[in-house]
Amino acid sequence: MDTTTALLIFHRLVAIYPHTETHFLGFTNPFECLILTILSAQTTDATVNRIAPALFERYPTAEDLAAADPAELEEIIRPTGFYHAKGKNIIGAAAALIARYNGGVPDRMDDLITLPGVGRKTANIVLHHAFGINAGVAVDTHVRRLSQRIGLSETADPEKIERDLMALYPQELWGEITYVLIRHGREVCSARKPACPSCLISNICRYPGKTCEATAKKT
DNA sequence: CTCCCGATAT
DNA sequence: ATATCAGGAG
């Protein structure tokens, strides 16, 4: 994939998905952004947003969450799945914020990925949406799937895909490219039933005619 | 590589 | 009934 084609894809998608809010989770500060993004692993944002009000009403700050009773916390976050691991992670992350970052959320990749439950994807989301920093490209399941289908990257390894996207796009677009790829992945280029006929970048995509049509014809 | 795990779409 | 969902840890 060449840079010119990659930029064309980006501009087509931005035209389809104009946005003022570039996130899908209902957070109001960096702490809430961090916690909700950890909880969003392998879970739809709708499910996360549904439990968010109860979660932050019970635990408004890192101090409150660090002192949470695990069983009580698990009951609140259970609908998001992986609730035992996630509960342990967000209590641990809150405790780390208190112990090492004066109760605040660090704004550097190296610090964020030391927090339990936080990898590069979650760290990139927090950096971009809570601090406006484009340290890298967040590669989630949608970004990975679309990158492979469109041909933005040839690998299935999220870290390699991130490097490919960082090489293809200027740094100021690293946050937005994640947003438009996820949006397109949800609304058109879905995992099971991609709507290739109504896709406005299908003429660029190498995917139609392969798995795309085969998947679509199954129904 | 497996495991974590409930909600939702197909 | 099964694949998938704003992944990460062991």
Side-chain angles (χ1 to χ4, degrees), chain A residues 13 17 19 21-27 30 32-52 54-55 70-71 73-96 109-131 134-149 155-162 165 174-196 211-219:
Chain A
L13 294 178
Y17 309 112
H19 52 280
E21 296 287 333
T22 60
H23 61 265
F24 304 108
L25 298 173
F27 55 86
E32 293 184 1
C33 179
L34 172 67
I35 300 306
L36 293 187
T37 307
I38 293 174
L39 293 178
S40 72
Q42 291 292 298
T43 309
T44 60
D45 56 292
T47 301
V48 175
N49 288 332
R50 190 182 317 142
I51 62 93
L55 178 65
L73 175 62
E74 286 179 11
E75 188 174 340
I76 296 174
I77 68 173
R78 180 167 299 130
T80 68
F82 301 145
Y83 58 87
H84 187 67
K86 286 178 179 177
K88 184 180 177 182
N89 283 338
I90 62 177
I91 288 176
M109 172 65 71
D110 290 345
D111 291 323
L112 283 168
I113 61 177
T114 68
L115 302 174
V118 179
R120 287 194 61 86
K121 179 266 172 181
T122 297
N124 275 320
I125 293 294
V126 171
L127 286 169
H128 182 69
H129 295 305
F131 300 112
N134 288 323
V137 176
V139 179
D140 74 331
T141 182
H142 292 295
V143 174
R144 183 180 63 198
R145 184 178 69 255
L146 267 68
S147 294
Q148 290 190 275
R149 287 180 177 176
T155 176
D157 178 9
E159 292 197 11
K160 292 180 181 176
I161 292 174
E162 181 179 3
L165 293 176
W174 289 354
E176 286 184 74
I177 188 63
T178 292
Y179 173 81
V180 296
L181 287 177
I182 293 176
R183 187 79 186 276
H184 194 60
R186 289 174 54 163
E187 301 187 11
V188 178
C189 192
S190 59
R192 302 199 214 184
K193 190 181 174 186
C196 300
T211 314
C212 186
E213 288 187 355
T215 304
K217 284 179 180 176
K218 284 183 179 178
T219 54

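Given the structure is predicted, the values throughout are model-derived calculations rather than measurements. Lettering of chains follows the sequences in order, A, B, ..., and the numbering in each one begins at 1.
Across all non-hydrogen atoms, the minimal contact from A:Asn49 to A:Gly26 is OD1-N, 2.7 Å. Nearest heavy atom pair, residue A:Pro158 against residue A:Val139, reads O-CG2, 3.7 Å.
For the pair A:Thr43 and A:Leu115, nearest-nucleotide mapping onto DNA chain C gives the more 5' position to A:Thr43.
Taking atom NZ on A:Lys86 and atom P on B:dC5, their separation rounds to 9 Å, with Å as the unit. The NE2 atom of A:His84 sits 13 Å away from the C1' atom of C:dA9 (whole-angstrom rounding). Between the CD atom of A:Glu32 and the C1' atom of C:dA6 there is a distance of 17 Å, given to the nearest Å. Per the geometry, CG belonging to A:Leu112 stands 15 Å off C1' belonging to C:dG7, to the nearest Å. Distance A:Lys193 NZ to C:dC5 P: 16 Å, rounded to the nearest Å. If you take CZ of A:Arg50 and C1' of B:dT8, they are 9 Å apart, rounded to a whole angstrom. One interatomic measurement links the two molecules: CZ of A:Arg186 to P of B:dA9, which rounds to 11 Å at whole-angstrom precision.
Heavy atoms of A:Arg144 sit nowhere under 4.0 angstrom from any nucleic acid atom. When heavy atoms are screened at a 4.0 angstrom cut-off, A:Tyr83 is found touching the sugar-phosphate backbone but no base atom. As judged by a 4.0 angstrom heavy-atom cut-off over every strand, A:Arg183 is placed among residues making no nucleic acid contact. Among the atoms of the strands shown, none is found under 4.0 Å from any heavy atom of A:Ile38. Residue-level contact check: A:His129 touches the bases, meaning some heavy atom is under 4.0 Å from a base atom. As judged by a 4.0 angstrom heavy-atom cut-off over every strand, A:Val48 is placed among residues making no nucleic acid contact. A:Ser190 comes within 4.0 angstrom of no nucleic acid atom, judged by non-hydrogen atoms across all strands.
In this structure, CG on A:Leu34 lies 10.0 Å from CG on A:Leu127, to the nearest 0.5 angstrom. Atom OH of A:Tyr83 and atom CG of A:Asn89 lie 14.5 Å apart (nearest 0.5 Å). With rounding to the nearest 0.5 angstrom, the CD1 atom of A:Ile125 is 9.0 Å from the CZ atom of A:Phe24.
Taking only side-chain atoms of A:Arg78, from C-beta outward, the nucleotide of C:dC5, B:dG6, C:dG7 with the closest atom is B:dG6. Taking every side-chain heavy atom of A:Ala191 into account, C:dC5 is the closest of C:dC5, B:dC4, B:dT8. The side chain of A:Thr122 sits closest to C:dG7 out of C:dA6, C:dC5, C:dG7.
Taking atom C1' on both nucleotides, C:dA9 is separated from B:dA7 by 23 Å, rounded to a whole Å. To the nearest whole angstrom, the two C1' atoms, one in B:dC1 and one in C:dA6, are 24 Å apart.
Put simply, A:Thr37 has no side-chain N or O that comes within less than 4.0 Å of OP1 or OP2 on C:dA6.
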